[in-house]
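Contents: one structure, followed by commentary.
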Amino acid sequence: MANTPNSALLAERAQQALELAVAAGADDARVHASRSREVEYTGRDGSLEKVKEATARSLSLDLWVGGRFSSHSTTSMDPARLRTFVDEAVALTRALQPDPHRTLPDPALYGGRTEADLELIQPEIDTLDSAKREAWLGELDAGLHADERVISASGYVGSTLSESAVVSTNGLEGSYGGTQLWVGGSATVRDAGEGRPEGSWYVGVRQLDDLPPLTDVASKALEQATVRIGSQKGPTTKTLMVLDPRTASRMVSRLLGALTARGVYQGRSFYAGKVGEKLFSELLTITDEPHLPRGLGSRPYDGEGIASAPRTMIGAGVVEQLYVDTYYGNKAEMTPNGGSRSNVVVASGSDKDFDGLLYDIGEAIYVSGWLGGNADGTTGDFSFGVRGHHIHKGQVGPAIGEMNVTGNYIDLFSKLVAVGNDPWPFRSTMVPSMVFEGVDFSGA
Amino acid sequence: MSSSRRRFLQGAALGTATLTLPGFLVGCGSKEAVAVASGAAEAPANPFLTWFGVDEAMLTRVLAELTGNGADMADLYFQYRSNNSISMEDGIVNKASSSVDEGVGLRVVVGDQTGYAFTEDLSEEAMLAAARTARAIAREASAVVPPQAFQTASMPNHYKLVVPWADVGISRKLPLLESVEAKARAADPSIKSVRIWWTDAEEKVLVANHLGHIYTDSRPMTRLWCSLTAERDGQTVSNGSNLAARQGIDWYTDESLTRLAAEAVERTLRLFDARRPPAGEMPVVLAAGASGILLHEAIGHGMEADFNRKGTSIYSEMIGKEVAPDFVTIVDSGVEPNERGALNFDDEGNPVEKTVLVENGVMRSYLHDAISAKHYGVKPTGSGRRQSFRHSPMPRMRCTYMENGPHTKDEIIASVQHGIVAETFTNGQVQIGAGDYTFYIKNGWLIEDGKITAPIKDCNIIGNGPESLRNVTMAANDARLDTGGWTCGKNGQSVPVSQGLPTVLVSKMTVGGVS
């Protein structure tokens, strides 16, 4: 159990609700008690636009009654109303049909929890005073307006302190918490025609000393807008696609969407029947790393209380395992392994960063941002809107946009031809720059 | 922790907004609408005040605290939301969920500055503490005299239910799920897996503002989703369909359940033969109904006045200008009966209306909340909405649609030499300033030589808002609203919306295809 400012209160609240559930007739139960405090400051064009500050709390209960299962949540902590809520929840559960696969996890899976300090919490982030936050907004605002073409720009400083405790009737006990500080901004600039291109840049950290200089953050956000000025409609072509660490992070996150026992069991995953097979380029190795110190996705245990552990999901292009939760693990006879992503890390594939990768390339299209689009998890077919730049002789060229990238995940990631060494650290999906060949772009 | 990060990331991309079909995001509430006009302090207790455990004297004290540093505007948004969902998989109704979410959001507005706090603890002590937090932003504001008496406003009801959801037990709901499941499973031997998801919700809202006005409402919502996986000759496909509205249990009839199952089956099986369309620019015919997604993305978000007030929308200087052919009239309405986007008043207490965005091709009005209406010196359009008491309101769409045009569907199809029909969608997104928008087609058709030929699937469409409006070259006389449910995301807040369109031809859009 990790001590956080309110862990004792939350553990007590969870235990009381668990006892209510058992008293109401639940055979088994699991309760999470959570609390989170958020403070958000938004500035625009030199003045404070919005300040929001609040503390939220909730209880969530999973109930097993006569082989039947249900889940519930409430923000009401009033003892009498909570008792009624739990009584009604248990009665509702009895009205369902029994499902033998709905069980609590095997308690053996609760064991072996990491004892390492994950450095997830820094109380100073929660207690940053308003003068400091406003001073930071001022710094961001100055940087965001460092171009006369700016129409309007907005800075953001936001923090959260989140804590939770969990208990279950089969021996689970735990608590942990974390802080996050997010800063950044967006700018809108004037273009020659009707368009008013916008750009943004945000970073999130768990500890103050990981925060990059705010002047860098602001100038990155402004640059994201100014590089769009004069953007032309891109071509319809089949060519190399270059992703920077931010756009690559989004793409890898999508790739993993169907990598679940749930999806495979329901016949809604292109990974069905592919575990153990080489599906992608051998340059692709993806690990799930729940114990990264200060990681935005780090956690000692998952939502079911199962102790987390590092795992290789894709190893040199081979699908090593799925994300398995208890229910679909029971159905598909697989061992639960955490159920969902923590930190996703794509291994570096070279000693080159984005610029180094470009140097090796002649002509290509660099995708610097995504806009909409979707994929079919069953088949892996995808189509996404993109904006970016021409790459000419290894150099980033003029801005282009209003294009789509269309293909299939299996095909795309088998055509991954280069991976950089420059993962984006400010997300829980940390991916270096990537280069793919033979990608379909549709534009003019 | 991860949830707060996700919440932030949604909100981070200021200037972009999304629309998604997959539900599970929003639920709202039920019961007959309330809105009984009452006199002043001596009137009988408002049942909503009783529900939230507050009285007028307490509201006065909290508003006094909230406006203690002065304000141009201040309000309290009390909300209770009870949500129930049931799911069925492998022929078993094997999971139910319920949630109760209750609290109050406290807002102080000075000029265009907003101070906001919320609490889930409705004790006076907790509300006073939240009021002190929210008012900190007010530094040189004009003094406010807190209201000593309140008047409850009377409003029309656009979603009156015969039986409120609170009075409907699970035993009445289960047969509906089982019926859809059986109909879908029996439809074709290739159907391998059927998943049914149900939700009903009831929401109680009470807004009290610094002028002494109280607005109360009960907002119902329900959705039934049928999701299928089918297998044929080693090929696996998945798709589905849903029904969603501010309706009660009586809305679900054998006929509507049969139609839902048939639609889910048809949309799924058609994928067996569907191909990816060719890539590049081509004419796109938007089928009547769900294609209203075009309006939502290409123009609707850009007409939300907060973006225009800040100069960050591509439509910032287009009021009064001709933006589309003269047969194009586009409306955003809060008064369409029982639609997801319907409201009896907006989340600031302003009356809702049918707002004409584009009239006969000319841009007429933005969508306003109270802050932007004051900025522009116009009446609010009843578009101030929020996801919950945890969020401050901003201008949002409600039910966005295009009126009938002069053409017919057959004329439109016949006019296209080489293009596609867009029929069902999963999601869309827009960049407000650049005007670029996208939406994703799940099912559609190829048009060759004026005739519908083969089914297509899974392609993204990208275009530029003002350009696409100019390129609306035909509109048919078959306008209708979509029966599926849509949820709109903006700056990290999700609200239920509706949309509709007649069959429309856009002469040129960029279709994400393969070469």
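By convention in this document, chain letters (A, B, ...) are assigned in the order of the sequence lines, proteins followed by strands, and residues within each chain are numbered from 1.
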* Taking the inter-plane angle between the rings of A:Tyr265 and A:Tyr328 on a 0 to 90° scale, is it parallel (under 30°), tilted (30 to 60°) or perpendicular (over 60°)? -> tilted
Less than 4.5 Å to any heavy atom of chain A: does that hold for the side chain of [X], its backbone, both, or neither?
X        : result
B:Ala130 : neither
B:Arg139 : side chain
B:Asp112 : backbone
B:Tyr437 : backbone
B:Ile441 : neither
B:Thr229 : side chain
B:Thr133 : side chain
B:Ile314 : both
B:Val108 : neither
B:Met88  : neither
B:Ser193 : side chain
B:Ile92  : both
B:Arg107 : neither
B:Ala117 : both

Side chain from CB out, backbone as N, CA, C, O: work out which of these in [X] comes under 4.5 Å of a heavy atom of chain B, or both, or neither.
X        : answer
A:Pro235 : neither
A:Met403 : backbone
A:Arg81  : side chain
A:Thr74  : both
A:Ala375 : backbone
A:Arg387 : side chain
A:Thr236 : side chain
A:Gln224 : neither

Any side-chain donor-acceptor pair under 3.5 Å between [X] and [Y]?
X        : Y        : answer
A:Ser253 : A:Arg341 : yes
B:Asn239 : B:Asn443 : yes
B:Lys95  : B:Ser85  : no
A:Arg44  : A:Ser152 : yes
A:Arg133 : A:Ser130 : no
B:Tyr116 : B:Arg390 : no
B:Asp121 : B:Ser123 : yes
A:Ser383 : A:Asn404 : no
B:Ser392 : A:Lys52  : no

* So does B:Arg275 have more than 12 non-hydrogen atoms from other groups sitting under 6.0 Å from CZ? -> no
Please determine, among [options], the option with the most heavy-atom pairs under 4.5 Å with chain B.
options                               : value
A:Ala56, A:Gly184, A:Gly385           : A:Ala56
A:Thr55, A:Asp45, A:Asp376, A:Val405  : A:Asp376
A:Lys233, A:Arg299, A:Met77, A:Arg228 : A:Lys233
A:Asp191, A:Ile151, A:Thr93, A:Asp78  : A:Ile151
A:Asp99, A:Asp381, A:Val189, A:Val386 : A:Asp381
A:Glu88, A:Arg102, A:Lys238           : A:Arg102

* Please say which of B:Asp458, B:Thr424, B:Thr426 ends up in a side-chain hydrogen bond (donor to acceptor under 3.5 Å, both in side chains) with B:Lys442. => B:Asp458
Please confirm whether [X] and [Y] have ring centers closer than 6.0 angstrom.
X        : Y        : result
A:Tyr156 : A:Trp182 : no
A:Phe69  : A:Trp64  : yes
A:Phe382 : A:Phe384 : yes

* Most chain A-contacting option - heavy-atom pairs closer than 4.5 Å, from B:Asn84, B:Leu271, B:Thr438, B:Ile462 ->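 Going by pairs under 4.5 Å, I would pick B:Ile462.
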* To do: Determine the option with the most heavy-atom pairs under 4.5 angstrom with chain A, choosing from B:Gly105, B:Gly115, B:Gly513, B:Gly169.
  => B:Gly513
* Is there a donor-acceptor pair under 3.5 Å between the side chain of B:Glu120 and the backbone N or O of B:Glu102? -> no
* State, to 0.1 Å, how close B:Ala126 and B:Thr119 come at their nearest heavy-atom pair, and which atoms those are. => CB-OG1, 3.9 Å
